[in-house]
Amino acid sequence: MILTDAQLQNEIQKCEYCEEKPCTIACPAGCSPADFLMAAKQGQPSDYLRAALQILSRNPLGGVCGHVCPDKFCMEACARAKLDCPVNIPDCQATIIHKARELAILPIIQPSNQLNKLIAIFGGGPSGWSTAVALSHMGYQLEI
């Protein structure tokens with residue numbers, strides 16, 4: 001679900017930004033919800049750009065995962081879960097990517113160097129596309 005600006009800010013304000021970041025440890029994709037929530041805290045376009053970059057650099061399907069994450073391990077690990085109600089991390093993630101796209105500032109991650117190696121990826125499902133994006137960030141040329 002895409003949150004309103006007020007809902008997103010409410011969720012961000014709930015984040016304790018824990019030193020040990022249990023939400024990050026619990027995320028199968030290795031995203032750091034505490035970090036991307038803090039990056040978006042002020043709600044400025046540059047904040048959404050920075051937060052979206054943090055999400056997409058760890059998980060190329062970060063926007064989609066925010067909508068369809070079936071497990072919500074991050075929410076179960078959230079320190080707020082023991083106090084009252086965990087931060088709704090998947091909806092925050094989906095909203096941040098949506099806002100970056102809406103503002104036309106969705107980051108494009110450029111490879112650090114171009115490698116002269118071609119890799120073939122068989123399968124165009126979520127795993128194939130995630131692998132392709134990750135390898136392209138490393139500079140590989142790809143065929144899907």
Side-chain angles (χ1 to χ4, degrees), residues 1-115 119 121-144:
M1 173 172 97
I2 300 300
L3 304 173
T4 66
D5 290 344
Q7 290 170 323
L8 178 60
Q9 283 305 313
N10 185 52
E11 292 299 317
I12 290 173
Q13 295 302 321
K14 286 183 355 185
C15 181
E16 298 288 331
Y17 197 66
C18 308
E19 185 176 338
E20 63 280 351
K21 299 180 188 170
C23 53
T24 302
I25 295 167
C27 178
C31 281
S32 179
D35 290 329
F36 70 70
L37 290 171
M38 289 303 108
K41 192 169 190 166
Q42 299 303 313
Q44 298 299 313
S46 60
D47 299 327
Y48 292 123
L49 172 63
R50 191 169 50 257
L53 183 60
Q54 287 185 8
I55 293 166
L56 296 174
S57 67
R58 298 296 301 173
N59 179 3
L61 299 177
V64 173
C65 288
H67 287 294
V68 299
C69 181
D71 297 314
K72 299 188 169 95
F73 294 124
C74 56
M75 287 179 63
E76 290 174 13
C78 178
R80 293 296 301 225
K82 295 178 180 122
L83 298 173
D84 49 16
C85 180
V87 176
N88 188 340
I89 296 166
D91 284 353
C92 288
Q93 180 173 322
T95 301
I96 289 167
I97 297 298
H98 175 79
K99 287 208 161 282
R101 184 176 293 118
E102 194 175 66
L103 293 165
I105 57 170
L106 196 63
I108 297 172
I109 301 169
Q110 299 295 330
S112 53
N113 57 9
Q114 286 290 344
L115 301 174
I119 295 178
I121 296 175
F122 294 92
S127 296
W129 280 105
S130 290
T131 301
V133 171
L135 289 170
S136 73
H137 291 174
M138 293 179 215
Y140 290 98
Q141 298 171 29
L142 303 162
E143 288 285 331
I144 297 177

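Note that the numbering runs from 1 along the sequence shown for the chain. On a predicted model such as this, the values are computed, not experimentally measured, just so you know.
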Could you pull out the closest heavy-atom pair between [X] and [Y], with the gap in Å?
| X | Y | answer |
| --- | --- | --- |
| Asp47 | Ala40 | CB-CA, 3.9 Å |
| Pro22 | Cys18 | CD-CB, 3.9 Å |
| Ala52 | Ile96 | N-CG2, 3.9 Å |
| Ile105 | Pro45 | CD1-O, 2.9 Å |
| Tyr48 | Gln9 | OH-NE2, 4.5 Å |
| Ile97 | Gly62 | CG1-C, 4.4 Å |

Contacts of type side chain to side chain contact (heavy atoms under 4.5 Å, CB included), residue Leu115, not counting sequence neighbours: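 Asn113, Tyr140.
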
Side chain to side chain, [X] and [Y], heavy atoms closer than 4.5 Å:
| X | Y | answer |
| --- | --- | --- |
| His67 | Val64 | no |
| Leu3 | Glu11 | yes |
| Asp35 | Met38 | no |
| Phe73 | Ile89 | no |
| Lys41 | Gln13 | yes |
| Pro90 | Cys74 | yes |
| Cys92 | Leu37 | yes |

Rounded to the nearest 0.5 Å, how far apart are [atom1] of [X] and [atom2] of [Y]?
| X | Y | atom1 | atom2 | value |
| --- | --- | --- | --- | --- |
| Leu103 | His98 | CG | NE2 | 9.0 Å |
| Met1 | Asn88 | CE | CG | 7.0 Å |
| Ile2 | Gln7 | CD1 | CD | 10.5 Å |
| Ile119 | Glu143 | CD1 | CD | 11.5 Å |
| Phe36 | Cys15 | CZ | SG | 9.0 Å |

Worked verdict on Leu83 versus Arg80 for side chain to side chain contact (heavy atoms under 4.5 Å, CB included): CA-CA 5 Å; Leu83 298 173; Arg80 293 296 301 225; 3.9 Å; yes

CD/Glu20: more than 12 non-hydrogen atoms of other groups inside 6.0 Å: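 Buried by this count: over 12 neighbours within 6.0 Å.
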
Gln42 atom CD, neighbour heavy-atom count above 12 within 6.0 Å: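 No, the 6.0 Å shell around CD holds no more than 12 heavy atoms from other groups.
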
Partners meeting side-chain hydrogen bond (donor to acceptor under 3.5 Å, both in side chains) with Thr24 (sequence neighbours left out):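 Checked Thr24 against side-chain hydrogen bond (donor to acceptor under 3.5 Å, both in side chains); matches are Ser32.
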
Side chain to side chain contact (heavy atoms under 4.5 Å, CB included) between Leu56 and Leu106, intermediate numbers included: CA-CA 9 Å; Leu56 296 174; Leu106 196 63; 3.9 Å; yes

Electrostatic pair Asp84:Lys14 at N-O distance under 4.0 angstrom: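 No salt bridge links Asp84 with Lys14.
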
